Protein chains: 2
Amino acid sequence: MPTLPTAPNADRETRASREDHRALRLWLRLLTCTQLIEREVRGRLRASFSTTLPRFDLMSQLERHPEGLKMNELSRRMMVSGGNVTGITDQLVREGLVERAADADRRAFRVRLTRAGDKAFAEMAREHEAWVVELLAGLSRAEHKQLFDLLAKVKRHALDNAAAKEPA
Amino acid sequence: MPTLPTAPNADRETRASREDHRALRLWLRLLTCTQLIEREVRGRLRASFSTTLPRFDLMSQLERHPEGLKMNELSRRMMVSGGNVTGITDQLVREGLVERAADADRRAFRVRLTRAGDKAFAEMAREHEAWVVELLAGLSRAEHKQLFDLLAKVKRHALDNAAAKEPA
DNA sequence: TATTGTTATACTCTATAACTATA
DNA sequence: TATAGTTATAGAGTATAACAATA
């Protein structure tokens, strides 16, 4: 079917289709970039510290909250289900890096880094940052900022979207 | 230790430390954005089509190559190990969406979409694109392009980095 | 009744290494 | 010998749902 007569909305459709593919390509690139970096970081965390990204993430959350976080707060911040947080926390407790401290609400407790955990995390975080700096070194300082700001918009939109889905 | 005398390189270190945190925050934001979108897409693929992202990804690769792809090509493009590709391909073959066609090299074959697979993928791809457009609608057209270009740099740098590690 | 957290279960994806068959 | 692909194994991560204890 070559050269069809141009229907009234053909132009709009063509444009829409192009928009679609642009968004799709953008998404695929975003995914690729993240996977490339994530894979590298995972591998190095395993090789250098025998740990994993979720474990690192959990400890990182605790490091920002020395007073401790409740399980459901961890779950929300890590965007993972409660059962998962229990499992990861159990591991870290067994290794003496994290502890469950009593809370006023006796159903709950506060998960905190132990002193050993704090020390271990500091080491990991230092190296981890160096890796990330290296992996993102393809961008200038100004480009870092641009990317950061653009992703802020993406994030806000995605969060609004998610919020709209649980109207409570 | 308050107000230490300023060592010669304190400034540089401070700057470096700030750079580090900037890169780290950028990485965390990149990860969050991807996870937010990925989670949404995974959920919808499961809910609407009872499929998964890797399965969708594999079919998407085949759709771009109607002549078929060899297993190791799929493995490379999907950035996963060979054993994985075998597993995912097996599933799709069982469901009649994909087929292994003979190749001149009798060790290998070409994996292709079946007619049913092609049809199923077209439907999924259409919806999938609509989701992605919606999820990325927080950005203007110009911002899309900016983000796309910035991510190109990130990707190139990450790939160079990866290539440098396997000197072969 | 609702909430906090745990347990149990199951499934997907993943990598690694050993293996078969062609080249 | 090297390559294409499979198989076997093991482990991480995830979600869901049922459950216990407390609010």
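Computed from a predicted structure; not experimentally measured. Residue numbering restarts at 1 for every chain, and letters A, B, ... go by the order of the sequence lines.
Considering every non-hydrogen atom in both M78(A) and P54(A), the closest pair reads CE-O, 3.5 Å. Pairing each heavy atom of A23(B) with each of V132(A), the nearest pair is O-CG1, 3.4 Å. The minimum heavy-atom distance linking V80(A) with S75(A) is given by the pair O-OG, 2.5 Å.
With rounding to the nearest 0.5 Å, the separation of CG in L62(A) from CG in L113(A) is 4.5 Å. Note: R76(B) CZ to M71(B) CE = 14.0 Å, rounded to the nearest 0.5 Å. If you take OG1 on T32(B) and CG on L151(A), they are separated by 9.5 Å, rounding to the nearest 0.5 Å. Within the model, atoms CE of M124(B) and CZ of R44(B) stand 16.0 Å from one another, a figure rounded to the nearest 0.5 Å.
Under a 3.5 Å cut-off, the side chain of H65(B) and the backbone N or O of R112(B) do not form any donor-acceptor pair.
Legend: residues meeting salt bridge (Lys or Arg N to Asp or Glu O under 4.0 Å) with K119(A), ordered by chain and number and at least two apart, are absent.
Counting to the nearest Å, the P atom of dG5(D) and the CZ atom of R100(B) are 10 Å from each other. Taking atom CG on D103(B) and atom P on dA4(D), their separation rounds to 11 Å, with Å as the unit. dG5(D) atom P lies 12 Å from atom CZ of R76(B), rounded to whole Å.
Note on E73(B) versus R77(B): no salt bridge recorded, every NZ/NE/NH1/NH2 to OD/OE distance being 4.0 Å or above. Electrostatic pairing of R22(B) and E129(A) does not count as a salt bridge here, judged by no charged N lying under 4.0 Å from a carboxylate O.
End-to-end axis angle of the helix from dT1(C)-dA23(D) to dA23(C)-dT1(D), using five pairs per end and rounding to 10°, comes to 10°.
In this structure, F56(A) has its ring center no closer than 6.0 Å to that of F49(A).
Contact check of residues 105-114 of chain B against DNA chain D (heavy atom, cut-off under 4.0 Å) returns R107(B), A108(B), F109(B).
Here N72(B) reaches the OP1 or OP2 of dG5(D): one of its side-chain N or O atoms lies under 4.0 Å away.
A salt bridge (charged side-chain N to carboxylate O under 4.0 Å, His left out) check over residues 146-158 of chain B, counting only residues at least two apart or in different chains, returns the pairs E143(A)-K153(B), K145(B)-D149(B).
When DNA chain C is scanned in the 5' to 3' direction for atoms under 4.0 Å from non-hydrogen atoms of chain B, the outermost contacting nucleotides are dT12(C) to dA23(C).
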Exercise for the section: Quick one, give me the B/S/- string for nucleotides 10-15 of chain D, reading 5' to 3', where B means a protein heavy atom under 4.0 Å from the base and S means that only happens at the primed atoms, P, OP1 or OP2. Expected result: --SSBB
